[in-house]
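Bear in mind that the values here come from a model prediction, so they are computed numbers and not experimental data.
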Amino acid sequence: MQDSNFFTPPSARHGSERNDERRGLAYALGIHVALLALMLIGFTASPRTPNPIQIELWAAGDSPTAEQPEMNGEDPVPELPTQNDTPEPQSDEPEPEPEPPSPPAPPVPLPAPEPEPVAPPPPPPAPAAQARPPIASTPAVDPDIALEEARKEKERLEQKLKQALAQAEAERKAKEEAERKARDEAERKAAAAKAEAERKAKEEADRKAKEEAERKAKEEAERKARDEAERKAAAAKAEAERKAKEEAARKAAAEKAAAEKREALRAAMRGDALGVAGIPGGTANRNQAGGGGGDGGYASKVRDCVRPRVIYNVPPRAGSANPTVQYRALLNPDGTVRAVDVLRSSGNARFDDAVRKGIQACSPFPKPPSGKYPSSIEGDYRMYD
């Protein structure tokens with residue numbers, strides 16, 4: 001958790017430090033006052049210097065008493081304390097701090113007592129009369145001892161005061177040090193937390209930027225792939241259309257050429273058949289297998305060339321059915337077979353294929369009587385001829 005002092009302006013932090021110093025000074029002054037009060041109480045309760053007191057001594061018999069000296073307006077001479085004197089209580093007013101004790105003044109010598117007059121011998125005492133016991137007195141206190149004890153008490157209180165002040169100062173310094181360490185630790189943690197937050201924010205920004213770049217790159221790649229596919233599809237379509245047009249044109253040209261070839265073949269076949277039959281301008285007999293003409297004509301030569309090369313196991317004939325293949329052989333100028341087209345099937349694919357292979361094997365074709373090979377020859381091949 002971040003310390004609130006991290007977000008406090010420097011002026012506010014300095015003001016808080018001054019308040020802490022004032023509070024510590026107030027604590028120290030309060031401790032001083034309390035210690036002074038304790039010292040005053042100690043001085044009040046300490047033993048006091050006793051004043052001299054007078055006592056009366058009684059003895060058996062009558063004896064004259066010494067007369068009190070006349071005062072004559074002068075202060076009486078103080079008597080020295082004796083062992084039997086009792087201390088007189090002092091006033092309750094607090095005494096100021098005593099200075100170091102000075103040596104006591106020498107006692108004032110008392111005047112010598114006047115000699116007592118000689119009294120006549122006293123009568124014998126009565127038997128019941130007894131001497132009064134002396135009055136017990138409290139032992140007197142030596143003023144030097146009292147001053148020494150007061151001095152020791154003062155020193156003890158001063159020592160306690162110094163110790164209390166030192167302890168208060170140590171506690172104040174410890175508190176300030178603890179607050180400083182806490183403040184430094186809070187600032188360090190806040191700085192570390194801020195650095196960690198900045199690092200995480202930077203990593204998050206980098207990650208988002210990378211994802212955005214990857215997304216854009218992917219979209220660009222998909223767009224390019226789509227454009228390339230569309231371009232290829234358009235190119236393929238255009239190529240297909242072009243090929244279709246070329247194929248259509250080629251087929252149209254081929255059909256036209258085939259029609260022209262068929263017409264030319266028919267004209268050539270008519271001319272060849274007429275020449276073979278010896279009938280100028282007549283019609284060839286095309287009822288023979290292998291082509292037109294009679295047995296001695298060109299058709300018989302073509303049949304004799306093709307039949308041995310047709311490899312097919314002809315079954316026995318049943319009825320009048322005679323499967324027939326109508327073919328067209330395309331020839332080169334030297335009579336070799338370039339191609340064989342089945343114009344009409346016999347209904348038996350194997351027989352059709354055998355006839356086609358036999359015609360291809362008959363290469364070159366027999367030479368026509370005119371000596372010039374036509375570009376194509378059409379004919380019929382019957383199974384049972």
Side-chain angles (χ1 to χ4, degrees), residues 23-117 130-174:
R23 211 166 25 247
L25 182 58
Y27 292 157
L29 290 176
I31 293 172
H32 280 73
V33 171
L35 290 175
L36 289 174
L38 290 174
M39 290 177 63
L40 291 175
I41 293 171
F43 285 136
T44 303
S46 63
R48 296 171 177 78
T49 303
N51 293 326
I53 60 173
Q54 294 180 356
I55 60 173
E56 293 181 357
L57 297 177
W58 294 86
D62 294 333
S63 60
T65 58
E67 295 180 357
Q68 295 293 334
E70 295 181 358
M71 304 301 294
N72 298 325
E74 297 180 358
D75 294 334
V77 179
E79 296 180 358
L80 292 176
T82 62
Q83 294 295 331
N84 296 327
D85 293 340
T86 57
E88 182 179 354
Q90 296 180 355
S91 62
D92 293 336
E93 296 180 359
E95 296 179 2
E97 293 184 19
E99 299 294 330
S102 59
V108 179
L110 296 174
E114 296 179 358
E116 295 180 356
Q130 294 182 357
R132 294 182 181 179
I135 301 174
S137 61
T138 57
V141 178
D142 191 355
D144 295 338
I145 296 175
L147 292 174
E148 182 66 18
E149 291 180 354
R151 185 182 63 80
K152 290 182 179 180
E153 182 68 17
K154 178 182 178 183
E155 290 179 355
R156 185 176 62 81
L157 292 176
E158 288 178 352
Q159 186 67 22
K160 285 185 178 180
L161 177 61
K162 289 180 180 179
Q163 291 178 357
L165 291 175
Q167 184 178 1
E169 183 67 16
E171 290 178 354
R172 185 184 64 81
K173 289 183 178 180

Quiz prompt | side-chain contact (heavy atoms from CB on, under 4.5 Å) between E158 and M39, worked out | solution = CA-CA 8 Å; E158 288 178 352; M39 290 177 63; 4.3 Å; yes

Self-check item: Residue pair Q167, Q163: steps toward the side-chain hydrogen bond (donor to acceptor under 3.5 Å, both in side chains) verdict
Solution: CA-CA 6 Å; Q167 184 178 1; Q163 291 178 357; over 6 Å; no

Quiz item: Could R172 and E169 be called an ion pair, given the rule that one side-chain N must be under 4.0 Å from one carboxylate O?
Solution: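 Yes, charged N to carboxylate O under 4.0 Å.
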
Practice problem: Using a strict cut-off of less than 4.0 Å between a Lys/Arg side-chain nitrogen and an Asp/Glu carboxylate oxygen, indicate whether R151 and E155 qualify as a salt bridge. | Solution: yes

Practice problem: Please name the pair of heavy atoms, one in L157 and one in L38, separated by the smallest distance, quoted to 0.1 Å. | Solution: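 Looking at all heavy atoms of both residues, the shortest contact is CD1-O, 4.1 Å.
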
